[in-house]
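Everything numeric in this text was worked out from a predicted model, so none of it was measured.
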Amino acid sequence: MIDYETLKLIWWLLVGVLLVGFAVTGGFDMGVGTLLPFLGRSDEERRVVINSIGATWEGNQVWLITAGGAMFAAWPLAYAAAFSGFYVALLLTLFALFLRPVGFDFRGKVEDPRWRAAWDWGLFVGGAVPALIFGVAFGNLLQGVPFHFDTGTMAVTYTGSFWALLNPFALLAGLVSVAMLVMHGAAYLQARTDGVIEARARRAARWAAIALVVTFALAGVWITLGINGYRIVAMPPPGSAFVPTAKTVESATGLWIANFVAHPWLCLAPAFTFAGALGVIWLSGRGRPWAAFAASGAAVAGVIFTAGFAMFPFIMPSSSDLRSGLTAWDAVSSRRTLSIMFWVVVFMLPVVLAYTTWVYWKLRGKITVLHIRENTHTSY
């Protein structure tokens, strides 16, 4: 039987893995959607771009649904607090995501260029807006979210506003997210297309990788010198069940790098980000698209784990009531719930990974204009 403290750590890691899984798979879908109006100069070229992800994008979204479900089951308090604080932002994300299935299915129903151009921009919104909002959300998490729990009823109250979420650091984090996913989508397009589209994707991947390096470095400097981090001063034993307000927390500039100082091996996460982005630039220029895509995936994982390692054990720190901040120790479900879900993941995750690998293997190869012309009624 796994003890409660270990289960809490396992689920912190598993939620991180699910977020990385979504960013690596669904992320390149969003990047491709963001690039669609710019890399495709004709209807046929845009159909090539769309068909590069048309057969897999729905399966990739399952990672997002699974991550949301895992957060609900493993971290119910964090789930509730997040939906209180980020409600409008999450609704905007949801409405933007609506444009993806509708755009894929309806774009080809009418041959009118205006109809298709409108859905092309709809797919752009469905890719760019969620990418931006996800980054903005992480930027606000790093600064702390203005919420608190009532000590008697444990009801959560959010005291901020939607416009307050759009602060300078959060917008910078949003740019990190957009650059990261555009780079990832462009790297994928290099591997799945040819000719002029591949050439344009190669240039886009290089510029997006440069943007990621610059914005990620700026965010790191800002976090180190200008953002207050959080640290637990005292709390009940981590292997026990306790409410968030039972702990004592302090806040000061530079605390988000304390974990990296205490455990230098954690620096591998930001190192992977920089190395992956630079690898995309180098490998793209040498005609190795799949290697560039792998490097891009490493950079994506590096960004997410950098944020996770910096904040650990915090999941959603509170800027208005420090002790109400949620952590991997006090935002969790019961030991029984975590244990049952853990064994479900042990059996099901390998199946999902094996099936996903098989699907991508079967759908490998280039999507070309000739393919679109020969498959008018079966392609998007």
Side-chain angles (χ1 to χ4, degrees), residues 23-54 56-57 60 116-117 120-132 135 172 174-219 272-303 364-372 380:
V24 170
T25 56
F28 73 73
D29 286 349
M30 292 182 180
V32 170
T34 304
L35 290 167
L36 173 62
F38 309 105
L39 297 191
R41 306 291 172 80
S42 66
D43 182 63
E44 286 184 329
E45 290 179 355
R46 292 185 179 185
R47 290 185 66 196
V48 168
V49 173
I50 292 172
N51 277 271
S52 70
I53 58 172
T56 57
W57 75 269
N60 293 339
R116 294 190 173 185
D120 290 340
W121 285 105
L123 290 171
F124 165 81
V125 171
V129 170
L132 178 65
L172 175 61
L175 292 178
V176 172
S177 177
V178 171
M180 173 182 78
L181 297 187
V182 168
M183 174 191 71
H184 200 41
Y188 179 77
L189 279 175
Q190 287 183 78
R192 293 302 311 278
T193 61
D194 65 358
V196 294
I197 301 176
E198 181 184 5
R200 293 170 192 157
R202 186 183 307 117
R203 289 193 295 270
R206 290 175 181 172
W207 283 110
I210 293 171
L212 175 59
V213 169
V214 173
T215 54
F216 187 70
L218 286 174
F272 264 76
T273 301
F274 288 116
L278 294 174
V280 169
I281 298 170
W282 189 79
L283 292 165
S284 295
R286 281 153 183 78
R288 300 177 60 186
W290 283 116
F293 181 67
S296 178
V300 170
V303 170
R364 69 191 186 278
K366 299 277 189 178
I367 303 294
T368 64
V369 172
L370 180 61
H371 170 85
I372 297 299
Y380 289 93

Salt-bridge contact Asp120-Arg46 (side-chain N to carboxylate O under 4.0 Å)
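Salt bridge between Asp120 and Arg46, a charged N being under 4.0 Å from a carboxylate O: yes.
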Looking only at heavy atoms, which two atoms of [X] and [Y] are closest? And how far apart?
{"X": "Gly135", "Y": "Ser177", "answer": "CA-CB, 3.6 Å"}
{"X": "Gly302", "Y": "Thr273", "answer": "C-OG1, 3.0 Å"}
{"X": "Val125", "Y": "Pro130", "answer": "O-CD, 3.4 Å"}
{"X": "Ala277", "Y": "Leu212", "answer": "CB-CD2, 4.2 Å"}

In residues 25-43, what donor-acceptor pairs under 3.5 Å come from side-chain atoms, sequence neighbours left out?
| residue | atom | partner | partner atom | Å |
| --- | --- | --- | --- | --- |
| Thr25 | OG1 | Gly21 | O | 2.6 |
| Asp29 | OD1 | Asn60 | ND2 | 3.4 |
| Asp29 | OD2 | Asn60 | ND2 | 2.9 |
| Thr34 | OG1 | Met30 | O | 2.8 |
| Thr34 | OG1 | Ala128 | N | 3.3 |
| Arg41 | NE | Phe38 | O | 3.1 |
| Ser42 | OG | Glu45 | N | 3.3 |
| Asp43 | OD1 | Arg107 | NH1 | 3.3 |
| Asp43 | OD1 | Arg107 | NH2 | 2.8 |
| Asp43 | OD1 | Arg116 | NH1 | 3.4 |
| Asp43 | OD2 | Arg116 | NH1 | 2.7 |

With no hydrogens and no angle check, is any side-chain donor or acceptor of [X] less than 3.5 Å from a backbone partner on [Y]?
{"X": "Lys366", "Y": "Asp194", "value": "no"}
{"X": "Ser284", "Y": "Ile281", "value": "no"}
{"X": "His184", "Y": "Val24", "value": "yes"}

Distance check, rounded to the nearest 0.5 Å: Tyr188 atom OH versus Leu181 atom CG?
15.0 Å
Pairing residues for Arg192 by the salt bridge (charged side-chain N to carboxylate O under 4.0 Å, His left out) criterion, not counting sequence neighbours
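By the salt bridge (charged side-chain N to carboxylate O under 4.0 Å, His left out) rule, Arg192 matches no residue at all.
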Sequence neighbours excluded, which residues qualify as side chain to side chain contact (heavy atoms under 4.5 Å, CB included) partners of [X]?
{"X": "Leu175", "answer": "Thr215"}
{"X": "Ala298", "answer": "Phe272"}
{"X": "Ala211", "answer": "Ala179"}
{"X": "Ala187", "answer": "Gln190, Phe293, Ser296"}

For Trp282, check ring-ring contact (aromatic ring centres under 6.0 Å, His included) against everything at least two apart and list the hits.
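So Trp282 forms no ring-ring contact (aromatic ring centres under 6.0 Å, His included) with any residue.
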Which pairs with one or both residues in residues 201-217 pass salt bridge (Lys or Arg N to Asp or Glu O under 4.0 Å), sequence neighbours excluded?
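Found Glu198-Arg202.
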Enclosure of Trp207 CH2 (heavy-atom neighbours >12, cutoff 6.0 Å):
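At most 12 heavy atoms, drawn from other residues, nucleotides or ligands, come within 6.0 Å of this atom.
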